[in-house]
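Letters A, B, ... are given to chains in the order of the sequence lines, protein chains preceding strands, and every chain is numbered from 1.
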Amino acid sequence: MANLTINGKSISVDVEDDTPLLWAIRENVGLTGTKYGCGIALCGACTVHVDGVAMRSCGVTVSEAVGKQITTIEGLASNGALHKVQQAWVANDVPQCGYCQAGMIMAVAALLNEKPKPTDQDINEAITNICRCGTFQQVREAIHAAANA
Amino acid sequence: MNKHVMPKLTRRGFVIGTAAAGAGLAIGLDIPFGGPTVVRAADGSPEVNVWVVIRPDNTTVVRIARSEMGQGSLTGLAQLVAEELECDWSKVVTEYPTPGQSVARKRAWGDFSTGGSRGIRSSQDYVRKGGATARVMLVQAAANEWKVPASECTAANSVITHTPSGKTTTYGKVVEAAAKLEPPAEVKLKDPKDWKIIGKGVKRLDTVDKTTGAMIYGSDVKLPGMLNATIKDCPVFGGKLKSYDEAKIMGMKGVKKVVRVSDSSVAVVADTWWHAKTALDALPIVWDEGENAKVSSESIAKWLAEGLDNAQPAYIGNQNGDAKAAIAGAVKKVEAVYNYPYQNHAPMEPMNATALYTPDKCEVWCGTQNGEAAFAATMEASGLPAEKCEVHKLILGGGFGRRGMTDYVRQAVLIAKEMPGTPVKLLWSREEDMAQGKFHPVTQCKMTGAFDADNNLTALHVRLSGQSILYTVRPAALVNGMDTAAFQGLSPSGDAAIGYSVPNLLVEHSMRNPTFRPASGAA
Ligand code: FES
Ligand code: FES
């Protein structure tokens, strides 16, 4: 049993300590916006914020997440308004199949917190999520749009 | 707000018709109509025809038979219907009809398959007719109510206007009456120059849900009492499952059952997927890898290289002049061999399907590029007839051809069959997805060009050697055991015509179909 704080709510989950946070979020908490793509911290589909830092939740254990503020894609909007990254995604029609996009958006939201006006170079270095559909160009444009919003 | 309506995740699933379809309905494949018997959507709103449901509040529900996997065909197909329907685009929502209902209604929605960029191309004509037919019926219903000729009425934005009197009504108000009318035998489609929605850069209908985590993919399905499974098939194609030691994992947390799914695969069913995956990884499995265990990249390359030898049989896909003679007598010759490797489709969302089996009914929830093939796989694996099967389609986390195959659907049903009454979601690990790819064909190509003294190209011989997609997906289409369809971009004419004119040209394909790996469509 572990107590997690997800999207501002305290939730206790009955899992082994070494369960990846991804699966606790998806299966025990029931928030399915965070996706499984590889399970080995390579693709970024499972990206969430842990104390404001973008982390690949398949590579974080539940015990490591205890006591931290976890934000998932479902918790990114606030007071009913989409986050500026989500708004830029909608305005630029970024997603294709969309499966990678929750992780992509979470990674970008964390980047913009740290670097409000990232250069292309910053983006190349920070956003290493994989999109099998190939939306990388749209992602880049939408990051700049969000930064300038 | 525009929205794609997800199949309801209940045991009975998503039922469109109450006044059961089939008997008494004149449904043709090309322009399927509701006819005088009103067929109702799950919420009670009437179908004007199979493509169009209109709610009292003027929301237009457009039925989409093809699958959405990122290319926007869901939105594009809705645009086609909405254009002819003259409905309010801001109030368009979409939903997937199910293959089971389509079968029950004599294939009312036609082909469900989605691949090769055909989703819109091959259905645009009849979905536009569906929209146009519905418009004519709605206008007729308004005209009947006003007792005026329909020719005096116009429709735009879901509003019908009687031009001489200025009277107006809405689609939502006349839909009940419209649904009872006989559909017109002929409808005239709009001139493309008058299009307001088709071909315009409208926003995709499903973007918002894809940015908030609300979109439900196959792997997100949750059903009451559902268990989770993951599977390992023999890592060498054609190999067999020799044995496994289930006693080693039965005590592991959450594990419910170990299932021998086929003679080459074993699955673990557990309370959560993480428990299933952990247990399957710990399960001692002995494989009989068979003959193909000897296959290597080197042996494949060597075998394809043999097909580049002109003495081997090949199918000629395009020729003019006499390329071989021109090359033999050329002043200058250039030759190069190119290799194209196997490619896994690797959609971002690993293969998955959820199945609920009882002796009376088998239901499947999955992302698929071919709803009817998934339905057929459900029938075959469950052993139940069509009327006892159903497939509920969900949005795909990528397809690329891989989800045109139905191996994962069959597996999910076979597992669920071992646990009647319990829904089971089968989700492959990424490792399984990489191991069980139906790769895009491996190919080699020898290009030989001949030049005259001024370096003009006088002849080109393109000799392809490789695997055939057709051989796996439509073996009946082979001609004398050879693939006639491997020439996209090199054909003499049509969409896939070669872009150069060469005085002497020979393009041929030597089919080299390995027994070690089936192929599937474009990556
Ligand atoms: S699922 Fe976590 S990085 Fe791929
Ligand atoms: S949008 Fe499909 S994987 Fe990124």
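Between chain B and the residues A:Gln86, A:Gln101, A:Glu27, the largest count of heavy-atom pairs under 4.5 Å involves A:Glu27. Heavy-atom pairs under 4.5 Å with chain B peak, among A:Gly37, A:Gly39, A:Cys131, A:Cys133, at A:Gly37. With respect to chain A, the highest number of heavy-atom pairs below 4.5 Å among B:Thr278, B:Leu427, B:Asn228, B:Thr212 belongs to B:Thr212. If you tally non-hydrogen atom pairs under 4.5 Å between each of A:Gly33, A:Gly98, A:Ala45 and chain B, the highest count goes to A:Gly98. The most heavy-atom pairs under 4.5 Å with chain B, out of A:Cys100, A:Pro95, A:Ala102, A:Cys43, come from A:Pro95.
Taking 4.5 Å as the limit, every side-chain heavy atom of A:Arg26 sits out of range of all side-chain heavy atoms of B:Trp273.
Residue B:Ile216 holds its CD1 atom at 4.0 Å from OG1 of A:Thr32, rounded to the nearest 0.5 Å. In this structure, OH on A:Tyr36 lies 6.0 Å from NZ on B:Lys277, to the nearest 0.5 angstrom. For the atom pair CG of B:Asp220 and OH of A:Tyr99, the computed distance is 6.5 Å after rounding to the nearest 0.5 Å.
Taking non-hydrogen atoms and a 4.5 Å limit, the residue list of residues 51-62 of chain A in contact with chain B is empty. Heavy-atom proximity under 4.5 angstrom to chain B picks out A:Ile73, A:Glu74 from residues 69-80 of chain A. Using a 4.5 Å heavy-atom cut-off against chain B, the contacting residues of residues 4-16 of chain A are A:Asp14, A:Glu16.
Looking at B:Met69, only its backbone comes within 4.5 Å of chain A, counting heavy atoms on both sides. Proximity to chain A involves both the backbone and the side chain of B:Ser429, based on heavy atoms less than 4.5 angstrom apart. With a 4.5 Å cut-off on non-hydrogen atoms, A:Ile40 does not touch chain B at all. In this structure, chain A has no heavy atom under 4.5 Å from any part of B:Asp433. In this structure, no portion of A:Ala24 lies under 4.5 Å from any heavy atom of chain B. Interface residue A:Trp89: backbone and side-chain heavy atoms are both found under 4.5 Å from chain B.
Contact detail for A:Gln96 and B:Lys210: the closest heavy-atom pair is O-NZ, 2.6 Å. Residues A:Cys97 and B:Gly397 share a closest heavy-atom pair of SG-C, 3.6 Å.
Residues that satisfy the salt bridge (charged side-chain N to carboxylate O under 4.0 Å, His left out) test with B:Asp407, not counting sequence neighbours, are B:Arg402, B:Lys438.
A donor-acceptor contact shorter than 3.5 Å is absent between the side chain of A:Asp93 and the backbone of B:Thr207.
For B:Lys253, the NZ atom counts as densely surrounded, since its 6.0 Å shell holds more than 12 non-hydrogen atoms of other residues, nucleotides or ligands.
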